[in-house]
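Just below is one structure, and these are the notes that go with it.
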Amino acid sequence: MATDTRDHLDDDELDEDTMLDRYLTFHIGNEDYGIEIRHVTEIVGLQRITEVPDMPVYVRGVINLRGAVIPVVDVRLRFGMETREADDRTCVVVVRIGETAVGLIVDTVTEVLEIPADQVAPPPSVRSSSARFVSGLGKVSEQVKILLDVQRLLLDEDLSAIADVAN
Amino acid sequence: MDEDLLQNFLDESSELVDEIEPTLITLQTQGEQQEVDLEQVNALFRLFHTLKGCAGFLNLDRITQVTHEAENLLDQVRTGQRPYTPQLTELLVQTIDLIRRLLAGIQDTGRDDQCCEDDVQSMTTTLANEAGSPPSRSPMAAAQPPPPAPPGPGPSTQSEESAVLGEEIAQELRQRFLLEAEEQVDGIEQALLEANRNPAASGDQLKVAFRAMHSLKGNCGIMGLADLERLTHRAETVLDALRSGSAPRPQRSIEDLLSVIDILRGGLQRFAADGKGGIDGIDAFVDILGDSLLPGPGQAAHPTPAGSATSAITASQTRPASPVRPGSGQTIRKAATRRISTEAIRAEGGPAETEGRRDVRVDLSKLDALINLVGELVLAENMVTLHPAIAGHDDENLQRAVHQLRRVASELQDIAMAVRMIPLSGAFRKMLRVVHDVSKRCGKNAKLVLIGEETEVDKTVIEKISDPLVHIVRNAIDHGIETPEERRAAGKPEQGTVTIEARHEAGEVWILIKDDGKGLHRGKLLEKAAERGLVGAEAADWPDNKVFSLILEPGFSTAAQVTDVSGRGVGMDVVKRNIERLKGRIDISSRPGEGSTILLRLPLTLAIIDGLVVRVGSQRYILPILSVQEVFQVEATHITHGPDGDEVVRVREDLYPAIHLAEVLGREGDAKRLEDGTLVLVECDGQRHCFLVDELLGQQETVIKGLSDYLGEARGVAGCTILGDGSVALILDIPGVLNLAAEATPAVSQR
């Protein structure tokens with residue numbers, strides 16, 4: 001049994017090696033953001049959203065993704081920014097943490113970039129509400145991409161607000 | 001240690017232990033009434049025996065040890081040497097607990113000698129002491145008071161006495177022989193399998209097998225069983241050759257021996273039935289064993305007798321005739337190989353208990369995957385067949401194909417639903433132990449009556465119903481049933497009764513837990529609730545069932561002391577939440593002094609819903625048909641507006657409060673006024689409300705998909721489904737919607 005687990009880990013590590021330091025970047029407002037590609041399962045165009053009552057404002061509802069019903073989060077609203085009218089370039093980035101899949105609504109998707117660890121500066125110590133989602137600042141040529149911690153983006157304490165309301 | 005084998009063993013043992021417990025309790029009840037059912041004792045004995053065999057096969061010595069002693073004790077009961085006493089129940093119950101712990105230990109470490117060493121030894125000693133000295137073959141039966149199920153008539157005169165004694169000895173002897181023979185056969189089989197699997201280390205195994213076969217032969221001789229003796233004698237010869245290394249084709253010999261084991265078992269069965277143990281076609285088997293000791297590729301050289309021997313074998317084993325080949329029968333060998341691979345773990349393969357049910361072991365995750373896929377298939381089928389391009393298409397052949405597709409998908413769904421249905425008996429029988437334990441701990445005397453345990457429910461429900469049931473039963477005994485003195489004083493029988501009844505009722509499963517205890521006192525409940533600030537003055541007007549439901553509120557308990565069993569006020573509200581999570585309801589009724597009834601109403605399944613599809617604004621929602629009473633439109637004249645802005649609708653002679661679904665769900669509906677839209681009258685917890693929707697779109701049976709875990713428990717929403725056009729429709733949870741509405745407009749909730 002022990003050997004089995006170890007083999008499994010090795011496989012994972014191998015995959016992660018090829019995905020390490022690679023980020024999917026997207027645009028929201030005036031800034032570029034990035035999230036680790038290993039969490040991303042696909043990118044789809046925005047489609048009909050079914051609203052769910054009694055949810056935090058940034059949870060826009062659910063969509064039908066090839067037979068699976070997954071929730072979608074408006075990242076703008078999550079950052080406390082104003083939402084904006086969807087256009088042809090608005091996308092849903094589907095990320096998966098463990099068993100849960102969630103779609104992130106972003107303005108546009110840019111590209112996949114490799115940002116080696118030495119090019120990533122630690123996040124600013126500004127205590128703003130959205131700063132807690134930032135895992136670092138990545139430098140690519142002359143630009144800076146704000147790297148997001150997907151786990152926190154999805155599952156941060158704010159979720160307790162959902163739980164409270166639900167109970 | 002082979003992972004699969006071990007897991008198999010754990011699964012099977014778990015089941016065996018689960019079967020043993022309720023049987024123990026049942027026997028206990030019977031013992032009190034002097035009506036012990038011998039068949040039950042036998043069944044119990046066999047269960048322990050099987051457990052011992054399986055454990056032995058895997059060299060789990062601790063379990064083997066303990067079960068062996070228990071088996072001994074039970075053997076004494078079934079041969080009439082001791083009655084079945086409460087003391088025995090206690091001992092065996094403790095044994096079962098110990099075995100459970102050992103099994104858990106095995107689950108963790110793969111071995112059974114890593115924990116509970118002291119307990120194992122002390123349990124073994126206690127059981128052995130209880131059993132006393134090993135029962136001899138002397139006529140003990142006459143010396144003791146008549147056992148509960150005497151093997152023969154009671155002795156009266158001297159000659160009759162000795163005749164009867166003779167009869168009893170013979171009976172005892174027979175039992176003893178059979179028991180030993182079964183064990184020996186089992187042991188031989190295990191040793192042979194082990195030798196087969198591990199040829200290098202087979203020396204010891206073969207010695208063991210030889211010795212056992214030798215003893216068996218001897219025993220058969222003593223009992224005068226000619227055929228068995230002959231066959232075992234020949235088998236012994238083969239084993240002798242094997243263990244001394246002089247067998248030319250050891251593999252083949254072992255295989256032939258293994259198949260002969262089956263024949264031996266058959267003979268023993270026969271003996272148990274008619275006392276003679278004849279074996280049909282015995283010559284053939286004897287020959288085959290002999291042949292296996294002949295050198296060289298013997299198959300071609302065999303004359304026709306071998307061919308007929310093969311058919312004799314197939315005939316006596318009543319198996320469908322497989323291709324007959326010369327030699328010692330490919331059929332037998334196939335059977336032998338099948339035995340090794342699939343039945344390797346069954347130490348007791350003997351008397352098959354044909355119950356008419358043929359079960360197959362399936363990995364639960366595979367089953368889940370299958371059933372989920374069927375659900376997906378139904379949804380996808382809907383999307384295809386309802387697509388305008390297909391539905392509107394003129395082609396007759398296409399329509400016929402579509403129709404066929406629908407039919408097949410529908411049948412698949414029905415079967416998938418049926419597969420998930422499991423009888424409640426498993427969950428119910430666990431309650432026997434709970435009643436037993438709680439009664440003891442609370443100093444009460446209570447018995448459990450089960451009605452309708454064969455009622456089937458979806459497996460998702462079964463898993464979650466156990467805990468609530470335990471809580472409710474505990475409560476019933478702890479708080480409901482009075483002490484024996486109190487009951488006597490009240491003119492009730494000293495022994496209280498807890499009844500658990502299950503039945504199907506209009507698309508639901510009803511589980512009722514009744515007790516004949518002191519019932520619920522309305523006044524006391526209201527007092528306590530007021531004390532805890534749970535209710536205000538208006539509660540005085542509440543109907544009884546609403547008052548009784550107060551016991552389901554968190555922190556509520558009228559128990560004078562907080563006992564270990566219940567009373568901490570934690571139990572019942574957890575029950576309520578669990579039942580709600582199953583989309584069920586709890587109704588409580590009671591009569592002071594006479595008892596209480598807790599009714600659990602659960603949907604038959606959590607997977608499919610028959611729903612009404614409605615439109616509110618641009619979205620569609622589904623309302624469970626079970627809750628819908630009627631759908632109608634109303635005229636302004638039938639609407640009354642209250643001072644707080646709430647509206648009441650008159651339907652024939654009744655008045656119902658109205659709720660604008662659009663508002664509750666945070667949407668924009670088309671109809672702003674009740675008279676402009678459609679009203680749906682729903683019933684929930686005995687109360688009725690009218691929901692305003694824009695349009696009624698139809699009725700549909702649909703697969704429920706859960707909302708993502710990410711969303712947590714969304715109030716008002718019970719799940720979702722995908723409609724034919726690919727859009728997602730939320731399935732509304734009526735109580736949840738009412739709660740949301742109550743928050744928006746407090747006035748609504750007070751009806």
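Throughout, a chain's letter reflects where its sequence line sits, starting with A, and its residues are numbered from 1.
Rounding to the nearest 0.5 Å gives a distance of 8.0 Å between CG of N64(A) and NZ of K705(B). Rounding to the nearest 0.5 Å gives a distance of 7.5 Å between CD of Q619(B) and CZ of R48(A).
At a 4.5 Å heavy-atom cutoff, the contact between I722(B) and chain A is made by side-chain atoms alone. Heavy atoms closer than 4.5 Å to chain A are found in the side chain of V717(B), but not in its backbone. Heavy atoms of I63(A) lying under 4.5 Å from chain B belong exclusively to its backbone. Heavy atoms of S618(B) lying under 4.5 Å from chain A belong exclusively to its backbone.
Of the possible donor and acceptor atoms, none in the side chain of E51(A) sits under 3.5 Å from a partner among the backbone N and O of R667(B).
Between L730(B) and P53(A) there is a side-chain heavy-atom pair separated by less than 4.5 Å.
Chain B forms the most heavy-atom pairs under 4.5 Å with one residue out of A101(A), G61(A), P71(A), and that residue is P71(A).
Looking at residues two or more places apart in sequence or on another chain, you find a side-chain contact (heavy atoms from CB on, under 4.5 Å) between T100(A) and V102(A), S708(B), Y710(B).
More than 12 non-hydrogen atoms from other residues, nucleotides or ligands lie less than 6.0 angstrom from CD of E111(A). Heavy-atom neighbours of E668(B) CD from other residues, nucleotides or ligands within 6.0 Å: at or below the threshold of 12. No more than 12 heavy atoms of other residues, nucleotides or ligands shown are found within 6.0 angstrom of CZ on R89(A).
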